[in-house]
Each structure stands twice: as structure tokens, then as C-alpha cells.
Amino acid sequence: MSILEGLNPQQLEAVTLPHQSALILAGAGSGKTRVLTTRIAWLIQTGQIGPLSVMAVTFTNKAAREMLTRISAMLPINTRGMWVGTFHGLCNRILRAHYRDAGLPQTFQILDSADQLAVIKRVMKAMNVDDEKYPPRQAQNFINSAKEQGLRAAQVDAPDDFSRRLLTVYEAFEAQCNREGVVDFAELLLRCYELLGRNELLRDHYRGRFRHILVDEFQDTNRLQYHWLKLLAGPNNTIFAVGDDDQSIYAFRGAHAGNMLDLERDFGIEKVIKLEQNYRSHGNILDAANALIRHNRTRLGKNLWTSEGGGEPLRVYQAMTDIEEAAYIVDEVRQLHNEGVALSDMALLYRSNAQSRVLEHALFSAGISYRVYGGLRFFERQEIKHALAYLRLTANPDDDGAFLRVVNFPTRGIGNRSLEQLQEAAAGRGISLWQAACANTPSGKAGASITAFIQLIEAMRKACENLPLPEIVDHVVATSGLIAHYQTEKEGADRIENLNELTNAAAAFVGQDGPITLISAEGEIRSEGLDPLNAFLAHAALEAGEHQAGEGADALQLMTVHSAKGLEFHTVFISGLEEGLFPHENSVSEQDGPEEERRLMYVALTRARRRLYLTHAQTRMLHGQTRYNVPSRFFDEIPDELLKRINTTKFSGFVAAKGYEAGSKARAPMVETGASGWRIGQSVVHPKFGAGVIVNAEGRGSDARVQVNFRDAGLKWLALDYAKLVAA
DNA sequence: TACCTCCACGTTTTT
DNA sequence: CGTGGAGGTA
């Protein structure tokens, strides 16, 4: 059977495009992964290129695995040798192969975000930077966003004192990382970009090899990733990019959907192919999504359609409280489950994680099994981090982060003062803590403890020299004292289990990267395998692992809308559809904020195949106080005929004006302002700000102020004596 | 060193 | 409301 069979005309056109760069505008559920993988298979099957000439780039490891699986299913070839991976994974591969040219030690370690933040904190402390005035998180953002624009500290523009200070932190951070032989995520990309930029030999080698570069989720690329792709493509290779500007929801972390337009221009793409036939959802769902996203001004333009029928209308449920909202969802889930829909084929989505608590509580009480995405992942667990730190020290003793993490864990009598001495000695001589500890062993008890620690690590390293990877992990975990430590802890059993699981993870990890091309200065090419321990440590940093166990079980899926991207379910509940929550209040005033929120809603809607619930609550407990929320503006952006209002809860005037049945006012305390008669929860109209709802009040008499949540203007405090508020 | 209390904070997140 | 970090005390 031909791999091209069953493709629609647009998919076929994209797959069989002649040797030229292309931009595929692929709507939700339009078969973009299929197009991407079939394109690769077709190029190889027709003999146009060999597997070695393909590079496919994704954002997540999951997507990369999925792609490899699908290619293997289509072609009887070995997919090793094909470079399919994440931006970071591929950059890591290149940097490992050319560590010397990249100015890195062979055993360089990768910092995850938490590791990076720890280094920044350490550096800031050493520089005496006030962390009240300069929050380390902000310094981290500053550094990462600079790197994502391809900027080294020397190239960053710092117009004011504040950014000048952050810039010095950036400089010191870079210096520290170089001393330790560690790189953060952004650094992997920037290093690789710089390496290929200045080393012609390497650049030509990779350009000669990767004739076809395919990119998934192109709308999520940042500027640096775009320039990296451009550099790798050079003048002769082609980029096949698949993306959807309407699903660009990661601008806050540097994603730049404008890269799609740049690609068109820079690569002379004459015709953008649009995949608009949707194979996922029924018509009403798509009509709703199309109608909603039409409210965005900056779009490339696209309209999803299906050959299937309209299906059910979208169900709208308006609850009085968040608790009642949860109860309704529980009832519906239970009923659908009884009707035969698997729990795992239903998703409960929310804008922010804080919303999950009430929902979880209701599900738990009802005995419905559920799974929450997000939170700690396997390689991020404390005990795993500790074990990895021991492993990292045996591979690269200069890794100060790893040193500090375990030098006194389990406790071995190395207190703060001896560590401070050590840090001073290291900083003074510009060496690592390990080197400082080796160089001048302090006398006395503390000195002996440090010496013992050094000997412990040295012994580990020697013992592991010729062991296979799983045994290395086993040995290090056993001799580190971690197991013994957790045995004395009350909650230690799970941690010990995880540590044992780490050995299994090591056993399951067989250097997936295979041999790596090396180019010496003379230009000769040879191959070398990567040392398994370092490969495993890189893997641990680059792929933090599954969120939680129990993925096999049939359970309702709870997650943020962001993490739902790319997934699909028979039934989807979108909860908390209220102004201030979704769209989120912080986004309303942001540049491009409202449009990004709308794209987020678009993503949420298009997750559903058959049934979609949109719910909101009038009253919600948030940050310890009750908030009164207006229904989300998104309800107004979906045609009424697509919506089916489940209930006719009595709402006050403002809501009634939007199509709900008018009725009695919500019971809420009178604002204590004497005779004013305003109520919390009451709908009001302001001459300038328009319609809103009173959500809070304070003061009395002439000082009385009310807080109003306006549809368009957001939250505002108004003095009742001055503001010309009118009851709606 | 370990535990406890207090305080501040609270969008989205992969690598 | 609930959590996580920091700082203080036993």
C-alpha cells in the first residue's frame, strides 16, 4: 500500500512538494504530524535522499518519539542515523561531538531551570546583589531572554541602572558556568549557533549532510531557534515548516509566530499550503472555534471544516459557585462514563493550576479516578536530583551545583561555616569548590569530613570505571548513603522506591544517540560513541520524564489548557470561563495579551472530538477571598445557535442582558456604605469603563470605595462619591 | 541541625 | 485558602 494513500489533495501537495522550502499552515486536527512524517518517508522511499540527509526538529521529546515511531511504521529502514529530536537534544548532540571547538569540557553537564536558578542565586550572593531589589527569577528571565535573542552579556543593551545590574549578574553567571563546565538550556542553543557560525568546516559539514530540515510546531520557535535553522539550512538546503499561528500560545516564553512570515520571506516561499480539513471534531465545535478566532486581527487566515455532521451543540453551564461547577462536571463525567465513554477520553481543562483543587476535591469525594498533569516529574524529584548530583560529580567534579547539593547530604558534619570558607577560597582563586577542597584541606574535624567526602566521590569514580551504566547508578546510589538516609525518614519509602527506579531508568536507557560524527581540525571525519554515563545525565536533564505514574489507568485527565495542546478527547470540559480567569486578568493589559488568550481558548475548543462543555461560576474562591466574576467574553464570540444553555440559574441584570434568563439578584452582603445600597455581585455601568460587576468594597460614608470588575477595563477601585456608577 | 512559625505570594511551561 | 521559603529558636 502506498504511503500516499488516503491523503487529501492539500496533504498530498505538501508531502510531494519538489525540492524547495515550504510553509504548511496546518490547522488543529488537520493531520500535520502525518504530513510531516509522510513527507520524510516519501523523500526516502522515492530515493531522492537517504535517511542520513534528514533532520527533523520538534519541541518535545514526546513529539520526536511519535515521529520516529510513525516513520518506522511506514518505512522498512533503520531510523538510527536520522536526526529526529528536540532543538535542545540536537544541539546537545552537536556540542558533544565538537566539545573542544565549542569550548566545553567533554563531560559538560546540563542545568535544568531549577539548577540554573540555583547558580544565579549563588552568583548573586557572592556579588552582594540585593535579592529583594533584584529577584533571582527576574535575573533568570533576563539572562534567558537575552540568550534567546542570541545576545551575550557584552551585546546586551542596558539603558538603566536596573538592567545594568542584571547585566553584571549575566556576566558573572556566564563566567561561573564556564568555570564549572555546565550549560543551561538556552546555552545549548546559543553555543551551538555560535559554533556553527564561526566554524566554517563544521558548518559546511552539517549543511552538506542535512539537505532537508523539517520543523514541527514552527509557530513556537523563538528568534534564536529560527536563526539556528537558517544557519543550518544555508543557501542550498530546504526547510519544511509546519505550524499554526492560531495555536501560538507560548509568546510569554519567547515564541515568535512572526517567524512564519520571516520564513516565507527569507526562503522565498511562494505558496503557503493550508491544511484546513479537520479530521477530529464535529462541525459545531469547529464552527465555534472558527467564529472565536475570527476576532483576532493578526492572523495568517484559515478556516477549519469537516466532512462530518454538525454533531451536538456546545453545552454551557453556569454555576453559582466554583463548588457547584465542580459538582456539575462530576455528574456529567459519571454519566458519560456510564454511557461508555472512557474516563481517559475525557479532559477537564482550566486556565491556571490553582483551579484544579476544587475540581480534584469533588472528583475525589465522588470516587472518580483522575490524573493531574503538571507538577513534579521523575528527574525533578529531590531524591533523584541528589542521586544525579553524585553521578555528576563523578563525571565532572567541577560542577559546584552538584557539589553543594550533596556535600552534606546525607549529613556528614560539613556545616555552613566550612562551606563558606570553601566558597571564599574557590571564588578568590577562580576555581571550583572541588578543586578548592582538594587544594587546601582545612585542618580539624571539618577538614577531615571534607576530605572524606572527596575520597568518597573518588572511590565511586574508580569503582565505576568499567561498569555498565545500570551498575554505575546502582553502585553510586548504594554508596552515597542516600538509601540509608531515607530509611530513617518517615516518608522515605517512596523515595527509596524512586531511587531503585532510577537504576531501571538507566537500564532502559541505551545510548539512543548512537555514534556521533567528529571532525578534527584537519577535516577528517571519524565516529565516536558518547560515554554512557554522560549520555544518561544529559538525557535526565533534557527529558525530565513522566509527570506521574499511573498513565495506563483509565482516569479523567486534568490539565491546563497549555498542556492540552496537541491532545484530543471525546469530551472536553473547559471550566472557569470567567473574565479575569480566562481570559486571565494579567493578560488583558498586555501587548497581544487578549489575542493570545483567545488563541488559548481556540486550542481548548479544538481538543474536543464530540462533546464540549463550557462552564463558569458566578462566585469563586481565589486567594482566600470570594470573587464575583462576569462570564468570559468568549461566550459572546461564539454564535448563540451553537450553544445550548443547560441551566437557567437566576442571574442579575448584566448576565441577563447577555441572553440568560433575568431573575433575582445574587444574595450578597450589602456594601457597608450607609444608604448607598450597592451590593457585592451587583452589575453596574460606568460612563467610561462600561459594564462590570462589583466584587469588593471598603470604607464607609464619603470614603466608601468599591472594586468593580469591568468587562473591558478590568479591575478598578472607584470612590462611590465621585464615580458615576449606575445599576445595570 | 531540625523543626516550627510566620510571611508573602498566587498565569501559562518545555527544554 | 494553601503553599513554599526564610528565619528564628530549642
Side-chain angles (χ1 to χ4, degrees), chain A residues 57-64 85-92 110-118 121 131-132 135-137 140-141 144 147-148 183-190 192 216-217 220-222 224-225 248-255 322-323 349-358 360-361 373-377 379-380 382 408-417 488-490 538-545 547 559-566 576 580-590 593 596-597 599-601 603-604 620-627:
Chain A
V57 200
T58 63
F59 278 87
T60 64
N61 293 296
K62 197 175 150 204
T86 63
F87 279 99
H88 296 84
L90 297 174
C91 286
N92 175 53
I110 300 168
L111 304 177
D112 68 17
S113 309
D115 296 336
Q116 184 193 31
L117 187 62
K121 281 183 181 166
D131 59 2
E132 297 270 291
R137 288 231 170 254
Q140 187 178 28
N141 282 338
N144 287 339
K147 288 189 180 184
E148 278 161 14
V183 298
D184 58 66
F185 287 136
E187 184 71 22
L188 282 172
L189 280 150
L190 184 51
C192 186
D216 191 17
E217 304 276 18
D220 287 340
T221 50
N222 63 33
L224 179 56
Q225 286 159 342
S248 164
I249 55 172
Y250 285 112
F252 70 91
R253 68 175 196 216
D322 47 353
I323 294 171
L349 309 184
Y350 34 81
R351 173 67 235 269
S352 59
N353 287 306
Q355 287 166 253
S356 76
R357 188 174 301 122
V358 176
E360 281 188 71
H361 182 79
Y373 283 72
L376 263 200
R377 314 207 310 190
F379 286 112
E380 291 166 355
Q382 187 209 83
N408 198 34
F409 193 97
T411 49
R412 11 180 109 80
I414 302 173
N416 274 338
R417 70 201 171 285
T488 68
E489 249 191 20
K490 293 184 292 288
H539 166 81
L542 290 175
E543 182 163 12
H547 274 302
M559 64 190 89
T560 64
V561 179
H562 279 92
S563 26
K565 194 173 126 190
L581 254 191
F582 196 6
H584 196 277
E585 55 199 353
N586 294 1
S587 317
V588 173
S589 54
E590 273 169 24
E596 177 133 327
E597 293 290 304
R599 289 192 292 269
L600 199 49
M601 181 63 180
V603 168
R620 183 177 296 276
M621 191 70 141
L622 199 68
H623 304 330
Q625 60 174 4
T626 308
R627 287 182 32 152

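Chain A is the first sequence line, chain B the second, and so forth, proteins listed ahead of strands; every chain is numbered from 1.
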**Student:** Looking across every strand, which nucleic acid part, if any, lies under 4.0 Å from A:E148 by heavy atom: base, sugar-phosphate, or nothing?
**Tutor:**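 No contact.
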**Student:** Drop me the distance from A:N586's CG to A:S352's OG, to the nearest 0.5 angstrom.
**Tutor:**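 Those atoms lie 10.0 Å apart.
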**Student:** Can you tell me the distance, in whole Å, between the NE2 atom of A:H623 and the P atom of C:dG4?
**Tutor:**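 Checked: the NE2 to P distance equals 15 Å.
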**Student:** Just to confirm, is there a sub-4.0 Å distance from OP1 or OP2 of C:dG4 to any side-chain nitrogen or oxygen of A:R137?
**Tutor:**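 Indeed not, no polar side-chain atom of A:R137 lies that close.
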**Student:** Under 5.5 Å between ring centres and under 30° between planes: true for A:F252 and the base of B:dT12?
**Tutor:**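 Base of B:dT12: stacked against A:F252.
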**Student:** Is A:N353 close enough to B:dT13 that one of its side-chain N or O atoms is under 4.0 Å from OP1 or OP2 there?
**Tutor:**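 A:N353 to B:dT13 OP1/OP2: side-chain N or O found under 4.0 Å.
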**Student:** Can you tell me how far CD of A:E380 sits from CG of A:D115, rounded to the nearest 0.5 angstrom?
**Tutor:**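 Here the rounded value is 9.5 Å.
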**Student:** A:K565 has an atom NZ; how far is it from atom P of B:dT14, in whole Å?
**Tutor:**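 Distance check: A:K565 NZ to B:dT14 P gives 11 Å.
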**Student:** For B:dT13, does the base pair up with any side-chain atom of A:S113 as donor and acceptor (N or O, under 3.5 Å, distance only)?
**Tutor:**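 Per atom types, no contact qualifies.
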**Student:** Just call it for A:Y250: base, sugar-phosphate, or nothing, with non-hydrogen atoms closer than 4.0 Å on any strand.
**Tutor:**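 Sugar-phosphate contact only.
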**Student:** From CG of A:L117 over to C1' of C:dG4, roughly how many Å is that when rounded to an integer?
**Tutor:**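 Rounded to the whole Å, the gap is 14 Å.
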**Student:** To the nearest Å, give me how far apart CD (A:Q355) and P (C:dG2) are.
**Tutor:**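 Between P of C:dG2 and CD of A:Q355: 16 Å.
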**Student:** Specify the residue among A:I249 and A:A544 whose closest nucleotide of DNA chain B lies further upstream toward the 5′ end.
**Tutor:**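 It is A:I249 whose nearest nucleotide is closer to the 5' end.
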**Student:** Taking side-chain hydrogen bond (donor to acceptor under 3.5 Å, both in side chains) as the definition, give me every residue that meets it alongside A:T86, ordered by chain and number, with sequence neighbours left out.
**Tutor:**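 Not a single residue meets the side-chain hydrogen bond (donor to acceptor under 3.5 Å, both in side chains) criterion with A:T86.
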**Student:** State whether A:N61 places a side-chain N or O below 4.0 Å from either non-bridging phosphate oxygen (OP1 or OP2) of B:dT15.
**Tutor:**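 Looking at the OP1 and OP2 atoms of B:dT15, one of them is under 4.0 Å from a side-chain N or O of A:N61.
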**Student:** Output yes if the stacking criterion (under 5.5 Å between centres, under 30° between planes) is met for A:H88 over the base of B:dT15, else no.
**Tutor:**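 Aromatic stack with B:dT15 absent for A:H88.
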**Student:** Answer yes when A:E596 and A:R599 have at least one side-chain N-carboxylate O distance shorter than 4.0 Å, and no when they do not.
**Tutor:**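 Between A:R599 and A:E596 there is a salt bridge, with a charged N closer than 4.0 Å to a carboxylate O.
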**Student:** B:dT13, OP1 or OP2 - any side-chain N/O from A:T560 closer than 4.0 Å?
**Tutor:**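 Yes, because at least one side-chain N or O of A:T560 sits under 4.0 Å from OP1 or OP2 of B:dT13.
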**Student:** Looking at every strand, decide which applies to A:N222 at a 4.0 Å heavy-atom threshold: base, sugar-phosphate, or nothing.
**Tutor:**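 Counting heavy atoms under 4.0 Å across all strands, no contact is made by A:N222.
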**Student:** Measure from CG on A:D115 to P on B:dT15 and round the result to the nearest Å.
**Tutor:**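 Roughly 15 Å, once rounded to whole Å.
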**Student:** Could you give the CZ-to-C1' distance, from A:R253 to B:dT14, as a whole number of Å?
**Tutor:**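 Roughly 5 Å, once rounded to whole Å.
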**Student:** Between A:R253 and A:E148 (salt bridge meaning N to carboxylate O under 4.0 Å), is one present in this structure?
**Tutor:**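 Here A:R253 does not pair with A:E148 in a salt bridge, since their nearest N and O are not under 4.0 Å apart.
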**Student:** Between C:dG4 and B:dT13, how far is it from one P atom to the other, in whole Å?
**Tutor:**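 Roughly 16 Å separates the two P atoms.
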**Student:** With a 4.0 Å limit, can you tell me whether A:N92 has a side-chain N or O closer than that to the phosphate oxygens OP1/OP2 of B:dT15?
**Tutor:**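 No, no such contact exists.
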**Student:** Taking only the C1' atom of each, what is the distance from C:dG5 to B:dT12 in whole angstrom?
**Tutor:**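 Straight-line distance between the two C1' atoms is 23 Å.
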**Student:** Heavy atoms, side chains only, cut-off 4.5 Å: are A:Y250 and A:K565 in contact?
**Tutor:**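 Yes, at least one pair of side-chain atoms sits under 4.5 Å.
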**Student:** Measure CG/A:L90 against C1'/B:dT14 and give the value in whole Å, please.
**Tutor:**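 Roughly 15 Å, once rounded to whole Å.
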